[in-house]
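Down below is the structure, laid out as structure tokens.
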Amino acid sequence: MKTNTQIKIDHYLGNFIAIVINWLVRLLGFILRLDHSLHKNPKTIVVCKYKGMGGIVQTTPLLQTLRLNFPDTKIVFVSTKANIGILSKIPFIDRIITIDDKSVFQLIFTTIKTLFSLWKLRVSIYLDLEIYSNFSSLITTLSLARNRAGFYRQASHYRMGIYTHMMYYNLKAPISKIYLQFAHLLNCKKFNYDLFAFAIDESNSFYNQCHLTRGEYIIINPNTSDLRIERRWPKEKFIELIQKIIYAYPDYKIVLIGAKSEKAYIAEISCCFNNPKVINVSGLTLLDDLLYLVKHAGLLITNDTGPMHLAFSYKVKCLSLFGPCAPDLYGENENGFVVYNNVYCSPCVHEFDIPPCKGNNQCMQTITVEQVWDVMLGALNHETATPLIPHTISYIGKNQEVLGVAYRG
């Protein structure tokens, strides 16, 4: 099922169902008067994140923190089937439950199966890391977890029946620290703020077949997922940038990456070069191959999408192009070099299902090759990335009270 179709179903049908369930659960909560305090160590914690490999990578500080503070608690992750590869590489997760959204039938069948699995677990705490998904809110409620925590961006009563605890979603904070607010909510004392560096097989055969030398190649990722295609920098500008790199840095190889669904798009770029130093591996890499390529790259140049977060986790220098999404939220990293023109309608991703430009993404089109080139030179010359926000930002308040909580049962 296409992402746009999922968004429409979620917006129109999911919103209506969520409103009805919200009031039903509020009424039931008023009658039962359940205890929603969070002082006891939970037997089971469910963490939910459906969309985006990058979002999964950014949950790893939270997952590591939960494991540090609750060593005997069972940690379960609920996601879509597309993320099972990356999730299976996170050792802090005890069980993965997936929903298959490739078709309506599969979605319905696997959703029912997921709910039965959650009921058997008798979930103590359910942490919903989605902010825009009505579907995710419904699964959270139907899980029958005693404590259900989620994000809000509007008035404090929004979806108050669905969630027993709500956390303000601050668009000016790095996403990993937003997720870690739930660890503060659960009274965690020990924290791990680092992204998890995924283990790889150092004898990767695919890498050897490409005849690459560690640190002496630049990965270029011209793609984005279909969740927000407007995040793409025009391919003509990628072509011009590659030409400049080949001329100025003849010792570097250029590796073009992309999923199978993006292979044709990447071919439109790679066909412009009759040069053995430009290597197109789109559609050819398994997850382990991609991890290996990213870990040993000298630099990654990418739109705002999954490989960027992998580079952050491996502490590889990454030049990221931002437009529809705010770099404050996703681009904050000590190894991140950001190009962002901050046009009037940006960041529209956080406000609209359909962007105001209707796909005419001026926020990306106005980024020039010269801008990217200048930032790239700084990255290759070992300059330090400039922090996007002050690192002294406070995430907890006086007396260890958690900031941003709208309601605690």
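Note: hydrogens, waters and symmetry copies are ignored here, and every other heavy atom, side chains too, is used. In this text, all values refer to a predicted model and were calculated from it rather than measured experimentally.
- Here the shortest heavy-atom pairing between Lys315 and Asn335 reads CA-ND2, 3.3 Å.
- Seen from the ring of Tyr265, Arg232 counts as a face-on cation partner, given the 6.0 Å and 45° thresholds.
- Under a 4.0 Å N-O distance rule, the pair Glu268/Lys235 qualifies as a salt bridge.
- The line from OG1 of Thr305 to CE of Met308 is 8.0 Å long, rounded to the nearest 0.5 Å.
- The closest donor-acceptor contact from the side chain of Arg231 to the backbone of Asn223 lies at 3.5 Å or more, if one exists at all.
- Contact check on Arg67 versus Asp94 returns a salt bridge, with a Lys/Arg side-chain nitrogen under 4.0 Å from an Asp/Glu carboxylate oxygen.
- Taking the six-membered ring for Trp and thresholds of 30 and 60 degrees, Tyr169 and Tyr132 have ring planes more than 60 degrees apart, a perpendicular arrangement.
- Taking the charged nitrogens against the carboxylate oxygens, Lys43 and Asp72 have no contact shorter than 4.0 Å, which rules out a salt bridge.
- Nearest heavy-atom pair, Leu290 versus Thr285, reported as atom, atom and distance to 0.1 Å: N-CB, 4.3 Å.
- The nearest pair of heavy atoms linking Phe196 to Lys89 is CE2-O, 3.4 Å.
- Between the side chains of Gln181 and Asn170, no donor N or O sits under 3.5 Å from an acceptor N or O.
- No donor-acceptor pair closer than 3.5 Å links the side chain of Thr60 to the backbone N or O of Ile56.
- Separating the NZ atom in Lys81 from the NZ atom in Lys102 is a distance of 6.0 Å, to the nearest 0.5 Å.
- Counted within 6.0 Å of NZ on Lys263, heavy atoms from surrounding residues, nucleotides or ligands total 12 or fewer; the atom is thus considered open.
- Separating the CD atom in Gln243 from the CD1 atom in Ile254 is a distance of 11.5 Å, to the nearest 0.5 Å.
- Here Lys177 does not pair with Glu332 in a salt bridge; the nearest charged N to carboxylate O distance is not below 4.0 Å.
- Remark: aromatic rings of Phe182 and His165 are distant, center separation not under 6.0 Å.
- Between Tyr330 and Phe312, the closest side-chain pair of non-hydrogen atoms is not below 4.5 Å.
- Donor-acceptor pairing under 3.5 Å is recorded for the side chains of Tyr340 and Ser346.
- Rounded to the nearest 0.5 angstrom, Lys113 NZ and Thr110 OG1 are separated by 8.5 Å.
- Residues Cys325 and Asp304 share a closest heavy-atom pair of CB-OD2, 3.3 Å.
- In this structure, Thr73 contributes its side chain and Pro42 its backbone to a donor-acceptor pair below 3.5 Å.
- A donor-acceptor pair is defined here as one N or O able to donate and one able to accept, closer than 3.5 Å; no such pair exists between the side chain of Tyr292 and the backbone of Phe206.
- Nearest heavy-atom pair, Ile97 versus Ser117, reported as atom, atom and distance to 0.1 Å: CD1-CB, 3.9 Å.
- For the 3.5 Å distance criterion, the side chains of Ser282 and Asn280 qualify, holding a donor opposite an acceptor.
- In terms of modelled atom types and a separation under 3.5 Å, the side chain of Asn341 and the main chain of Val343 share no donor-acceptor contact.
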Show your working on side chain to side chain donor-acceptor pair (under 3.5 Å) between Glu230 and Asn361 and close with a plain yes or no. CA-CA 6 Å; Glu230 297 83 13; Asn361 57 342; over 6 Å; no
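- For the pair Glu216 and Lys253, the salt-bridge criterion is not met [side-chain N within less than 4.0 Å of a carboxylate O].
- Side-chain atoms of Tyr163 and Asp128 include a donor-acceptor pair closer than 3.5 Å.
- In this structure a side-chain-to-backbone donor-acceptor pair under 3.5 Å is present from Ser143 to Thr140.
- For the pair Trp233 (side chain) and Ile367 (backbone), a donor-acceptor distance under 3.5 Å is present.
- Under the 3.5 Å distance criterion, the side-chain polar atoms of Thr80 are matched with a main-chain donor or acceptor of Tyr50.
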Candidate pair Glu130 and Lys51, rule salt bridge (charged side-chain N to carboxylate O under 4.0 Å, His left out), full reasoning: CA-CA 8 Å; Glu130 295 289 351; Lys51 290 295 183 181; over 6 Å; no
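- Remark: Ile108 CD1 to Asp101 CG distance equals 12.5 Å, nearest 0.5 Å.
- Listed here is the closest heavy atom pair of His309 and Leu195: O-CD1, 4.2 Å.
- Between the side chains of Gln64 and Asn192, at least one donor N or O sits under 3.5 Å from an acceptor N or O.
- Counting non-hydrogen atoms of other residues, nucleotides and ligands closer than 6.0 Å to CG of Asn381 gives a total above 12.
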What verdict does the side-chain contact (heavy atoms from CB on, under 4.5 Å) test give for Leu299 and Ile219, after you've listed the backbone C-alpha separation in whole Å, the side-chain angles of each residue and the deciding distance to 0.1 Å? CA-CA 6 Å; Leu299 176 68; Ile219 296 178; over 6 Å; no
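- Of the N and O atoms on the side chains of Ser79 and Asn83, at least one donor lies less than 3.5 Å from an acceptor on the other residue.
- Between the Asn69 side chain and the Lys189 main chain, a donor and an acceptor come within less than 3.5 Å of each other.
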